[in-house]
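Below, chains carry the letters A, B, ... as their sequence lines are ordered, and counting in each starts from 1.
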Amino acid sequence: MQNVAVLYLDEDDRKVWEGALAGVPDLVGMTAGDDPATPLQRLRKMRSTLRVVALSARLFPGRHPELVPMLREACPGAELLLISCDGSFPPLRPLFADQIRHLTITPAKEPPNREELSAVISMLVERRPWEIAPCLKVGTPVHSYRLNSSEDKELLIARLEGVLAGEGEEMELFRQKGALLADELLENAMYNAPRGSHGALLFIKGERRAMLPHEQIVFSFGFDGKTLALKLTDSWGSLEPDQVLGYLARNEEQSPMSDDAGGRGLFIIWRFLDRFHVHVEPGQRTTVGGQLQLSSQLEPGSPRGFHITKHREEQAA
Amino acid sequence: MSDLLQDLRDNLAEHDYFALEGTIDAHSEGFLMEIPGKVRTARVRFDFSRAGRINSMGIALLLRCFKEIRGKAEIRLEGLSQMHSMLFKMTGVFLLATPVEQRCDRREGAA
């Protein structure tokens, strides 16, 4: 029973990935080459069990820009994951247009990481939302704080900085990245997430505010000496997956960024993390977070991988 | 030698100087929005050596401030940390303002 399929451009492309994908159970690989009709036919036969279709970025969007709608028709229940190597980043707009919500990027000059890729595929197969603990060494404490008011923001940032203690330039830069990520996550939850019945913002950025009676904003993080994982959960669930992709694409294309561009905070979070995760339970909860390596091999400030999921779609799948 | 002379000319040239301190965020709006109205010369220097964290709202305010100034003066940025530089590069701030290494004497200061 195959529940994961991988589409490569050709045999050379397959060789790039086969080591990293060797440990993934129930996986079938196929090359799409110049004519994707044959692999699409094979996928159609597996549609009842397929949970994930991974697609090499050498194939899409450049080589076969029309491939995604055909894949969705062939296996409508499968989650699509775009896998990119050599640090190359596919243009966001086609991904946005085709609603590709999962992307992994392997740093330049490094082979794809088996452990990371397996973890991502397993998360998608099981339709599990991303969590902090599996990103960290076993036994690493995860700190969790519930906000009472906007006045807590600097205190929580200071606590995170305290966990990222250490000397040297690399550690200092890492601490600054952590502080900025915490700032953006907290501001986003306190001022962008709360919406009125017609979607209007309830609070102005920077204003002092207490949490509303039923509002919950929880900031969590852990650091195991190499990886920082952090997430922010709010009880609004007001963010839409397409909206997130739209924010990333729009801010990516604007140069310089418009001074009133929406989603700038999310764009900055995405660019500073090694991998960016958003999980939305509409009207219930939004979780934004991700992980960052102390010695990240990704080019500073370059586009990153992302995983954007929506709870109700997963339930239905 | 010519670089040194250019540096000397740059430092002697009349310019406006603004120093930014601490976190730059939504609370910096009043300060940053006043700056374009204070610009009197064709060159403006912004000193970030005492600036700390700059969040997305701070970036928005800097972009707005620099866009207002750009039509009437050249903008130079000094004292940038590695973090500031990464952030300014990814948000396009460097398309409006040029980073420089050297420090200069201030004509007009604001903190």
Over all heavy atoms of both residues, which pair between [X] and [Y] is shortest? Give the atoms and the distance, please.
{"X": "B:Ala60", "Y": "A:Arg264", "result": "CB-NH1, 3.3 Å"}
{"X": "A:Gly206", "Y": "B:Ala26", "result": "CA-CB, 3.8 Å"}
{"X": "A:Phe267", "Y": "B:Met90", "result": "CE2-O, 3.8 Å"}

Problem - Portion of A:Tyr191 that has a non-hydrogen atom of chain B nearer than 4.5 angstrom - result: neither
Exercise for the section: Could you tell me which portion of A:Ile204 (side chain, backbone, both or neither) has an atom closer than 4.5 angstrom to a non-hydrogen atom of chain B? Expected result: neither
Practice task
Anything in residues 170-189 of chain A with a heavy-atom distance to chain B below 4.5 Å? Please list those residues in order.
Solution key: A:Leu173, A:Gln176, A:Lys177, A:Ala179, A:Leu180, A:Asp183, A:Glu184, A:Glu187
Handout entry: Contacting moiety of B:Ile54, where chain A heavy atoms sit under 4.5 Å
Key = backbone
Practice task
Check whether more than 12 heavy atoms from other residues, nucleotides or ligands sit under 6.0 Å from atom CD of A:Glu207, and answer yes or no.
Solution key: yes
Handout entry: More than 12 heavy atoms of other groups within 6.0 Å of A:Arg93 CZ
Key = yes
Practice task
Find the one option among B:Arg53, B:Gln82, B:Met86 whose heavy-atom pairs under 4.5 Å with chain A are most numerous.
Solution key: B:Arg53
Problem - Separation between CG of B:Leu61 and NZ of A:Lys205, rounded to the nearest 0.5 Å - result: 10.5 Å
